[in-house]
Each structure stands twice: as structure tokens, then as C-alpha cells.
Amino acid sequence: MYYIGIDLGTSAMKLLLVDQSGEIKNSATKEYPLLFPQPGWSEQEPKEWWGALLAGVTELMSGFDASRVCGIGVGGQMHGLVALDENDNVIRPAILWNDGRTAEETEWLNTAIGKEKISEYTGNIAFAGFTAPKLLWLQKNEPENFAKIAKIMLPKDYLNYRLTGVHACDYSDASGMLLLDVKNKRWSKEMLDICGVNESQMPKLFESYEVIGTVLPEVAKTLGIPASVKVVAGAGDNAAAAVGTGTVGNGACNISLGTSGTIFISSDSFGVDPLNGLHAFAHADGYWHLMGCMLSAASCNKWFCEEILGTKNFPAEQVGMEENLGKDRVFFLPYLMGERSPINDVDARGTFVNLSLDTTRRDMVQAVLEGVAFAIRDSFEVAKAIGVRIERSKLCGGGAKSPVWRKMLCNILNIPLDSPQTEQGPGMGGAMLAMVGTGLYASVKDCADALVQVKETVYPDPALAAKYEQRYQQFQKIYPSVKPLYKEIKEF
């Protein structure tokens, strides 16, 4: 039997055809545009996702027996606001996870309502990327669109709706809306009231591996797959990636170097970081996790190489860099779209520090890679401060393909990093959730234990780790020093 796993990313959709042994039989990638109507804003047309799915599945199944497909699972970019009217038509472009327009709404939630109350209702505080502040922004700035809302969806849930006709959301993705009582796995009436919406406008909640329905007959005909194909609720991209890398069970950790960067710590019990530097979310395995998320990770390297250096040959820019690890004197703050964990500052921006006339092209590329790794360590330190012991981690995402970046991150964190045999993140996780939903495995843990294998492990070098420890202590001092300038420059 075949299972289709879909990764609804920010810039592209990646689709996998996986057999019951976990072998990837085929893959397809479909890109789509991002919209930036104003500085700091980020939007996308949901029709682009659906078009990518239709084209992607068709390409994916070319040369394969489509009658053998039995399940579909989607892992998708979180937090995006997809607003549907009473006829299930999209009201406006989706406001994405990395959109920074909701600074005022976020501050109002955290101050007027109060972080303590918000955390009590949801297990989290407000961040600009979350869905609830987007609803408040829409209510204030586009009241005519807000009044039309009949259903509030997340990006991957829109795809599931188009596939099945069912308005559904899983707990992991819903956790990032700031509308879910994460501990008790139900919509928070208090937060819905604050945002001026009611539960009838929200999708039905499911565990990530639960079947929400089967593919609509007309869609099945278009895709050339059976109408009996089951669609599971799926998961937010980070929870799906965690499943795909086997980050399931108490204390397991995964770091993702994708467009955004995350550190994901799985837990059998619900817990909240007292300082709310880390998110307390539901996991796709039916339990919970803590997560730190930075808004710009591999996208920093993509931006610097493509937009500044004018090249797409990322590996060429890293030639000779390994010999210079721990020696670069340039620092980079990777806050190109503001930042979430743990500083929660929508005004922060990318910043180079300590440039000089002898600074080279390679020095600046290295500073970008190191800046991302240092920022991930910021969340790592928050976890350590609340007693979480992370002795090793899985590593996935596009940035993890770089040997230099892997070695850099390994020594900056000073822990071994395991690369899974299959580095397909959310897509593989989606396929695995479909396997559980269709009964191939009894639980997500059973599925992960059976299918996920480690390809290689990078171990820290004590001497290099010591050098990076000194550099991290310097890095930590930069943001507090320049923080006041960000808001001042923004208002200039």
C-alpha cells in the first residue's frame, strides 16, 4: 500500500509517496509565491496551495498504481489565518506565520489581558505570528472581512477541507493559534470571547493521527486516486517533522533548520516554561512538547547568498569555512522578520556586528550560519534553565544538509546531533500519521520506532566547543545592547 505525505511549506509544497515499509518511492516539489504587501507583512493565496497539491499528486503518482494509495497526511506551516465565508470561499489572502503586522495586538494581549491570564487560558503568551492577534488585527483594520468569517482555518486544514469537505484541525497545529486550551485540548472560551469569535466558527478538533474523512469523489477523480483514501488530521509542520525524525517519547529532541528554525522537546506530560520563552504545545503523538521557534533560519542564508551575493550555489560559499570555525570575529543577529523565541520582538531586524576592512565574503556567510545556531542555542538555554536535560538531538531541514552547519551547530550546543536516514521532515511525518490512521501501526511511537533510523551522528569537539562557548557569551550581549535602536529606527 502507498501513503502520501505532504509538507505545506512557506515557499513550496513537498510531496512524498511512501510504501508501508517506509521507503520513499517518489517525490515532487511545487513552488508558489509569497506576497509582501508592506514591509514586515507576509501573505499567500490559499488557491496556490491547492493548485500545488493537484499538480503535485498528479506528478507523484506518475508511473505508480494509484489504486494502492490508502492514506494522506499533511504537515503544514503553522499559525496562518485562512478565513472562509459562509460558502467556504477564501475571504482574503492568508496572513502567514512570519507576518509581523500584529505588534499592537500582541502587546495588548500580553499587557491589557496580561501574560499570566493568557498563559492560564492557553499555556502560552501572545506572539505576533500567532493566529489570535491576526484576528484582532483583522477586526480592527478590515472589519468588513472580519464580519464575513464563517470558519477560521489553518493552512494545512484548508487543504484537508478541499480534500474531504470537513472543517478539521489537529491539536498540535491548533496549539499555535492562541485559541486552544492546550492542557485540556479544547477551544478556550475565554480567548474566543477576547477575539470576538465563537466556537461554531472553529473547526472540529482531532488527534493528528485520527481520520477526519475520505477524499471527495470529484477530487479523487481529478487526482486519479480511490475515493476510499483516508485523510488524517495531520499536524503542524514542526510536530510532523518531529514524527518524521522519530522525536517521539519523553525527552526526545529535534532541531529543524528550515525557513524557520525550531528546537522541539517531546514530553509525556504538559508543562509550561514560567518565562514563556518556549511554547507549550500538543504533540502529534497524542502528548505534548515544548518548542522554541526562530522566524528566520535557513532563510537567512538564502537571503544573504541570493539577494546580497547574487548566487544560489550555497555549498560554494562554505568552501574552506570548516578551518575557520570558532575564529570568525563577525557576528550576525538573524532577526530578518523580527523574532519569536525567546525574545518575542517584532521590531528586531538582521544586524551585522564587528565588520572591518579585512572582513571577507566567507566571514559574512559564516557569521550568518553561526548567528542562526547561536539563536537556536538561546532557546536551548531556556530549556536548560527550567530543568530540561537535552543530551542529544535529531537534526533535520534544508540547512541540515550542510556538513559545515551541522558541525557548527553541534559544537555551539555541545551535544551530539543525529541525522535521520530519511531527511524529509513534515512530509514523512504526514505519511507516518496516515499509516497510524489507517491501522498499519497502533501508535505514532510504534510507527517511529519501526521506521526511523539514524544515518550519521556528529559529535562535538571539546576544543571547538570551548571556542564557541566564548563566542556565544559575546553573542548574548549584542541583542540587549541594540534592542532600543530597533523601535527607534522603525519609527524614524
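- Counting only N and O atoms by type, the side chains of Asp378 and Tyr479 include no donor and acceptor under 3.5 Å apart.
- Here the side chain of Ser266 pairs a donor or acceptor atom with the backbone of Gly249 at under 3.5 angstrom.
- For CD of Gln453, the number of neighbouring non-hydrogen atoms (other residues, nucleotides, ligands) closer than 6.0 Å is 12 at most.
- Ring to ring, His79 and Phe127 are not that close: their centroids are 6.0 angstrom or more apart.
- In this structure, Glu43 pairs ionically with Arg101, as a charged nitrogen and a carboxylate oxygen lie closer than 4.0 Å.
- By the 4.0 Å N-to-carboxylate-O rule, Lys156 lies close enough to Asp170 to be salt-bridged with it.
- Closest approach of Trp405 to Ala297, counting heavy atoms only: CH2-O, 4.1 Å.
- When side chains are defined from C-beta on, Trp97 does not count as touching Asp237, because their heavy atoms never get closer than 4.5 Å.
- Here the side chains of Val90 and Leu84 are in contact, with some heavy-atom distance below 4.5 Å.
- In this pair, Trp41 and Trp137 present their aromatic rings perpendicular. The plane angle is above 60°, beyond the 30 to 60° band.
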For Tyr468 and Asn414, what are the C-alpha separation, side-chain angles and deciding distance, and is it a side chain to side chain contact (heavy atoms under 4.5 Å, CB included)?
CA-CA 9 Å; Tyr468 269 128; Asn414 200 19; over 6 Å; no

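- For the pair Leu138 and Phe146, the tightest heavy-atom approach, listed with the atom from each and the gap, is O-CB, 4.0 Å.
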Could you go through Leu53 and Leu163, starting from their C-alpha distance and side-chain angles, then the distance that decides it, and tell me whether this counts as side chain to side chain contact (heavy atoms under 4.5 Å, CB included)?
CA-CA 10 Å; Leu53 185 147; Leu163 285 168; 4.1 Å; yes

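- Remark: Glu48 does not engage Lys30 in a salt bridge, criterion side-chain N to carboxylate O under 4.0 Å.
- Using cut-offs of 30° and 60° on the angle between ring planes, the pair Phe264 and His289 is parallel.
- Put simply, the residue from Lys394, Lys455, Arg392 that forms a salt bridge (Lys or Arg N to Asp or Glu O under 4.0 Å) with Asp418 is Arg392.
- Salt bridge status for Glu190 with Lys117: absent, with no side-chain N to carboxylate O gap under 4.0 Å.
- With hydrogens and angles ignored, the 3.5 Å screen pairs no side-chain donor or acceptor of Gln77 with any backbone N or O of Pro155.
- Lys445 and Asp285 are not joined by a salt bridge, as no carboxylate oxygen comes within less than 4.0 angstrom of a charged side-chain nitrogen.
- Residue Lys14 places its NZ atom among 12 or fewer non-hydrogen atoms of other residues, nucleotides or ligands, all under 6.0 Å distant.
- Taking the six-membered ring where the residue is Trp, His279 and Phe281 present parallel rings, their angle staying beneath 30° rather than reaching 60°.
- For the pairing with Phe380, the side-chain contact (heavy atoms from CB on, under 4.5 Å) check across Leu413, Ile255, Leu278 returns one residue only, Leu413.
- Nearest approach of Ser42 to Phe36, heavy atoms of both residues: OG-CE2, 4.0 Å.
- Phe304 has its ring centre no less than 6.0 Å from the ring centre of Phe332.
- Looking only at distances, no side-chain donor or acceptor of Ser119 sits under 3.5 Å from a matching main-chain atom of Lys115.
- Using a 4.5 Å heavy-atom cutoff, the side chains of Thr351 and Tyr335 are not in contact.
- Looking at Thr10 and Leu34, their side chains come closer than 4.5 Å, going by heavy atoms from C-beta outward.
- When each of Ile113, Leu135, Leu178 is checked for a side-chain contact (heavy atoms from CB on, under 4.5 Å) with Met191, only Leu178 meets the rule.
- For Lys185 and Tyr171, the positive end sits near the middle of the six-membered ring, less than 6.0 Å away and at most 45° from its axis.
- Summarising the geometry, atom OG1 belonging to Thr164 is positioned 10.5 Å from atom CG belonging to Leu159; distances are rounded to the nearest 0.5 Å.
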